[in-house]
Number of protein chains: 2
Amino acid sequence: MKMDEKDRLIVRLLREDARMPVSELSKRVGLSGPSTGDRMRRLEANGIISRFTVDLDLEALGYPLQAIVRIKPRPGNMHVVEDMIMNEPGFVDCDKVTGDDCFVTRLVLRSIADLDPVLLPFHDRAETNTAIIKSSPLRGRIPV
Amino acid sequence: MKMDEKDRLIVRLLREDARMPVSELSKRVGLSGPSTGDRMRRLEANGIISRFTVDLDLEALGYPLQAIVRIKPRPGNMHVVEDMIMNEPGFVDCDKVTGDDCFVTRLVLRSIADLDPVLLPFHDRAETNTAIIKSSPLRGRIPV
DNA sequence: CATGAAAGTGTAGACCC
DNA sequence: GGGTCTACACTTTCATG
């Protein structure tokens with residue numbers, strides 16, 4: 001699908017506020033209401049916009065700490081370990097990657113004391129490497 | 001802020017479709033329109049919902065490949081390397097972490113051939129470790 | 001937290017370039 | 001094909017209980 005400058009502007013504005021009325025969107029884009037609505041629907045239909053959603057503040061939800069945990073299952077434990085990750089709600093992201101590690105995950109924590117209990121069950125079946133996140137200078141940028 | 005079951009349902013529904021009319025939201029939650037609207041605004045005011053936004057499909061935007069790149073600047077190159085990450089639009093996530101690596105980033109690519117040119121400038125100032133993402137079984141789960 | 005009226009918003013159809 | 005205008009239906013909001 002080809003996007004012009006107005007499509008890109010619509011996407012950028014909706015990223016900031018997905019509930020912006022079509023009427024206001026149309027003013028900022030410089031098109032009529034209906035055309036703006038059409039473009040919005042077209043962007044969604046073509047899969048550029050995969051969904052309208054809300055970002056949650058994990059800190060406000062009681063999870064002030066996050067860690068990157070790399071997990072390398074021991075031979076034969078691939079599937080079990082993947083299931084264990086899925087069944088621990090603290091893991092909010094999980095990527096399966098090539099190379100030495102198998103899983104790169106993001107784990108959220110209520111306190112540092114929660115880290116050990118979460119990782120302990122893994123140590124029978126995998127090697128883990130944990131790095132506490134100090135800050136996140138970049139989250140979800142759109143590549144230009 | 002204390003959240004009850006209805007607040008949590010509102011958040012869950014808005015995650016699926018942030019543009020859902022308050023009128024329909026209220027039906028599904030089992031409250032009147034105004035109370036539902038009030039709760040929505042309260043969740044946003046208290047920072048639980050940090051913003052209404054859209055998820056973009058990076059593949060549809062022409063970036064079918066992603067990699068996790070860990071970056072360890074050589075002594076004295078911390079700031080330069082951070083700036084280099086910020087100035088390369090392919091980096092869409094960047095976390096500053098404790099431990100051996102300093103930065104854990106997510107890099108999006110149009111093709112595997114783009115990997116080398118992006119990483120080359122770093123090799124003067126840092127050690128990098130790249131893992132191609134094969135699949136992402138978990139993205140942005142809400143911890144329960 | 002619910003109700004009802006007023007103001008605002010989205011969308012379909014006809015039309016134009 | 002894409003854009004605009006108009007009009008009607010739906011939605012949100014505010015005042016009130």
Side-chain angles (χ1 to χ4, degrees), chain A residues 1-63 140-144, chain B residues 1-64 89 108 110 139-140 142-144:
Chain A
M1 176 196 169
K2 58 173 190 180
M3 285 171 69
D4 63 12
E5 214 29 74
K6 290 187 193 299
D7 287 322
R8 272 184 280 275
L9 181 54
I10 289 173
V11 167
R12 241 177 297 147
L13 291 168
L14 287 176
R15 287 214 100 206
E16 306 282 325
D17 178 9
R19 277 184 90 86
M20 181 183 297
V22 179
S23 53
E24 191 181 344
L25 204 55
S26 66
K27 275 179 228 157
R28 303 212 196 176
V29 176
L31 287 175
S32 71
S35 342
T36 308
D38 286 348
R39 279 168 181 263
M40 223 176 75
R41 275 183 292 278
R42 191 169 51 95
L43 286 165
E44 194 178 6
N46 292 28
I48 307 275
I49 294 177
S50 51
R51 65 170 181 175
F52 293 78
T53 187
V54 290
D55 283 351
L56 300 181
D57 183 338
L58 290 164
E59 189 164 347
L61 284 171
Y63 298 90
R141 168 157 70 174
I142 314 179
V144 173
Chain B
M1 174 196 173
K2 58 172 188 180
M3 286 171 68
D4 64 12
E5 214 30 72
K6 291 188 193 297
D7 288 321
R8 270 184 281 274
L9 182 53
I10 290 173
V11 167
R12 241 176 298 146
L13 290 169
L14 287 176
R15 285 214 105 208
E16 308 280 326
D17 179 10
R19 278 186 90 86
M20 182 182 298
V22 179
S23 56
E24 190 183 341
L25 204 56
S26 67
K27 277 179 225 158
R28 301 212 196 177
V29 175
L31 288 173
S32 72
S35 334
T36 308
D38 286 348
R39 280 169 182 259
M40 220 177 76
R41 276 182 289 277
R42 192 171 50 95
L43 286 165
E44 194 177 6
N46 291 28
I48 306 276
I49 293 177
S50 51
R51 65 171 180 173
F52 294 78
T53 187
V54 291
D55 282 352
L56 301 182
D57 182 338
L58 291 165
E59 191 166 344
L61 284 171
Y63 299 89
V108 299
R110 292 196 180 277
R139 288 307 301 278
I142 314 176
V144 173

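Lettering follows sequence order; numbering is per chain, from 1.
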Rounded distance in Å - [atom1] ([X]) to [atom2] ([N]):
| X | N | atom1 | atom2 | value |
| --- | --- | --- | --- | --- |
| B:Arg41 | D:dT12 | CZ | P | 10 Å |
| A:Leu25 | C:dT9 | CG | C1' | 13 Å |
| B:Met20 | D:dT11 | CE | P | 12 Å |
| A:Leu43 | D:dG2 | CG | P | 12 Å |
| A:Met40 | D:dG2 | CE | P | 17 Å |
| A:Leu31 | D:dT4 | CG | P | 5 Å |
| B:Asp38 | D:dT12 | CG | C1' | 11 Å |
| A:Glu44 | C:dT11 | CD | P | 11 Å |

Single hit among B:Leu25, B:Leu9, B:Ile10 for side-chain contact (heavy atoms from CB on, under 4.5 Å) with B:Arg39:
B:Ile10

So, taking the atom named OG in A:Ser26 and the one named NZ in A:Lys6, what distance separates them when rounded to the nearest 0.5 Å?
11.0 Å

I want to verify a distance call: between [options], whose nearest atom is closest to the [X] side chain?
| X | options | value |
| --- | --- | --- |
| B:Arg39 | D:dT12, D:dG3, C:dC1 | C:dC1 |
| B:Pro34 | C:dA12, D:dT11, D:dC14 | D:dC14 |
| A:Ser35 | C:dA2, C:dT9, D:dT4 | D:dT4 |

Nearest-nucleotide check on DNA chain D, A:Gly30 vs B:Lys27; residue mapping nearer the 5' end is A:Gly30

Kindly say if B:Ser32 contacts the phosphate of C:dT3, meaning a side-chain N or O under 4.0 Å from OP1 or OP2.
no

Should A:Arg42 be listed as having a side-chain N or O under 4.0 Å from OP1 or OP2 of D:dG2?
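The answer is no; no side-chain N or O of A:Arg42 sits under 4.0 Å from OP1 or OP2.
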
Measure from the side-chain N and O atoms of B:Thr36 to the backbone N and O of B:Val22, and report whether any donor-acceptor pair falls under 3.5 Å.
no

Closer than 3.5 angstrom, by distance alone: can the side chain of A:Arg51 be matched with the main-chain N or O of B:Ala18 as a donor-acceptor pair?
no

